[in-house]
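Below is one structure, written out as structure tokens; the observations come after it.
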Amino acid sequence: MELFSARVCPYAHRTRLVLLEKGLPFEDIEIDFKNKSKRFLAVSPYGRVPALVHDGQALYESAIINEYLDEVFPMPALMPKSPALRARVRIWIDFLDHQFLDNYYDLLKNRDQGRHPALFAKALEQLRFIETAGLGELAGTGPYWLGATPTLADFAYYPFFERLPVWTHYRSLALPDDCPRLKAWVAAMAARPSVQRIANAAGYYIENYRDYAGDVLAA
Ligand SMILES: N[C@@H](CCC(=O)N[C@@H](CS)C(=O)NCC(=O)O)C(=O)O
């Protein structure tokens, strides 16, 4: 299996975690975004990582690759058996990809400092929504999104929380004290061997996200 990836990319991080959780060997091909090879562009028509080649198939889009991996390599299962719970996993990944991340990255990248307070407030509101409507409704005694064992939701979200120190450094955004489940979830995820194997220190992300954040320090 070949994975076209980039160490800095949270989406590629999702797929690397799923491959490690399943104990699947893969060739990790680091893509230089400034110098994309013809082969990479043939495999990944949007020119984005991650892209996976397996069994003659070229696949892209992290959430879709991860579902594919869970179907083709079912153990350990990273989706619940119940269709209703599978739908919940997809709903929360959809919330991340189509709501949370839009605002989260806008807060970091937006050059108009006047907009930062509203983007910051929205990020806090969404973190509290995850705490109550996500983990609060689904996790039971936790520590993972759906309880005792991790699912694709956990691996979809975690890379963006490993990078939270970037938002704390440049925008003063941290997990609020009234989100104890979210804090316990981050700690449980950070302790997993798969996570530890490819974790980067906060300083690595802070340096690599500097261009996104611009010169604006601690709003
Ligand atoms: N929706 C995609 C997003 C992937 C994505 O945006 N990857 C970025 C890096 S984090 C990328 O490859 N960018 C290419 C570029 O900057 O040229 C997924 O979930 O796989």
Side-chain angles (χ1 to χ4, degrees), residues 1-76 78-79 90 93-94 96-98 100-102 104-111 150 152-167 169-170 189-190 192-215:
M1 221 166 348
E2 290 172 298
L3 182 72
F4 294 84
S5 180
R7 179 179 169 200
V8 74
C9 173
Y11 300 96
H13 195 170
R14 290 171 158 181
T15 295
R16 290 159 73 218
L17 288 174
V18 166
L19 287 163
L20 290 173
E21 284 287 330
K22 290 184 176 282
L24 297 167
F26 63 101
E27 187 185 345
D28 198 338
I29 302 166
E30 180 78 14
I31 294 300
D32 173 0
F33 294 141
K34 296 197 179 80
N35 186 18
K36 296 176 182 171
S37 66
K38 281 205 177 102
R39 164 124 161 87
F40 169 59
L41 291 171
V43 165
S44 178
Y46 306 158
R48 296 199 300 215
V49 296
L52 182 84
V53 177
H54 174 246
D55 224 2
Q57 295 292 322
L59 304 168
Y60 44 96
E61 286 298 318
S62 59
I64 293 168
I65 295 173
N66 286 357
E67 281 217 38
Y68 169 85
L69 288 170
D70 199 50
E71 287 175 14
V72 176
F73 303 99
M75 297 309 286
L78 296 178
M79 281 292 264
R90 295 186 182 112
I93 295 173
D94 183 82
L96 173 66
D97 285 353
H98 298 118
F100 182 81
L101 292 178
D102 288 348
Y104 197 54
Y105 276 88
D106 202 5
L107 172 60
L108 195 63
K109 290 167 144 179
N110 204 295
R111 294 294 194 255
L152 293 183
D154 298 283
F155 298 110
Y157 275 79
Y158 184 73
F160 299 97
F161 286 80
E162 189 171 289
R163 287 157 180 75
L164 181 60
V166 172
W167 277 259
H169 181 82
Y170 293 111
M189 289 300 291
R192 292 191 72 76
S194 66
V195 168
Q196 292 190 352
R197 202 157 138 199
I198 57 171
N200 292 297
Y204 168 81
Y205 295 119
I206 289 169
E207 196 47 47
N208 279 281
Y209 277 67
R210 188 175 298 281
D211 286 350
Y212 276 179
D215 297 329

Identify, with sequence neighbours excluded, every residue that meets salt bridge (charged side-chain N to carboxylate O under 4.0 Å, His left out) alongside [X].
| X | result |
| --- | --- |
| Asp102 | none |
| Asp94 | none |
| Arg163 | none |

- Item | Arg7-Asn200 side chain donor-acceptor pair, cut-off 3.5 Å | yes

Open item on the list: Between Tyr209 and His169, do the side chains contain a donor N or O and an acceptor N or O under 3.5 Å apart?
Closed with: no

Closest non-hydrogen contact found for Val72 with Pro74 is O-CD, 3.3 Å

(request) Could you tell me which non-hydrogen atom of Ser194 sits nearest to which non-hydrogen atom of Glu21, and how far apart they are? (result)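 In terms of heavy atoms, the two residues are closest at OG-OE2, 2.5 Å.
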
Practice problem: Apply the test side chain to side chain contact (heavy atoms under 4.5 Å, CB included) to residues Leu78 and Lys22: give CA-CA distance (whole Å), side-chain angles for both, the deciding distance (0.1 Å), then the verdict. | Solution: CA-CA 9 Å; Leu78 296 178; Lys22 290 184 176 282; 3.8 Å; yes

Sorted by chain and number, sequence neighbours left out, side-chain contact (heavy atoms from CB on, under 4.5 Å) with Leu101 holds for Tyr11, Leu96, Asp97, Tyr104, Tyr105, Phe160

Could you list the residues that satisfy side-chain contact (heavy atoms from CB on, under 4.5 Å) with Asp211, not counting sequence neighbours?
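If we apply the side-chain contact (heavy atoms from CB on, under 4.5 Å) test to Asp211, skipping adjacent residues, there are no hits.
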
- Message: Does Phe33 have more than 12 heavy atoms from other residues, nucleotides or ligands lying within 6.0 Å of its CZ?
- Response: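 Yes, enclosed.
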
Taking the side chain as every heavy atom from C-beta outward, state whether [X] and [Y] have any pair of such atoms under 4.5 Å apart.
| X | Y | result |
| --- | --- | --- |
| His13 | Phe155 | no |
| Glu67 | Glu61 | no |
| Pro45 | Tyr60 | yes |

ask   = Does the side chain to side chain contact (heavy atoms under 4.5 Å, CB included) test come out yes or no for Leu19 and Phe73, once each step is laid out?
value = CA-CA 10 Å; Leu19 287 163; Phe73 303 99; over 6 Å; no

Residue set satisfying side-chain hydrogen bond (donor to acceptor under 3.5 Å, both in side chains) with Glu2, at least two apart, ordered chain then number -> Arg39

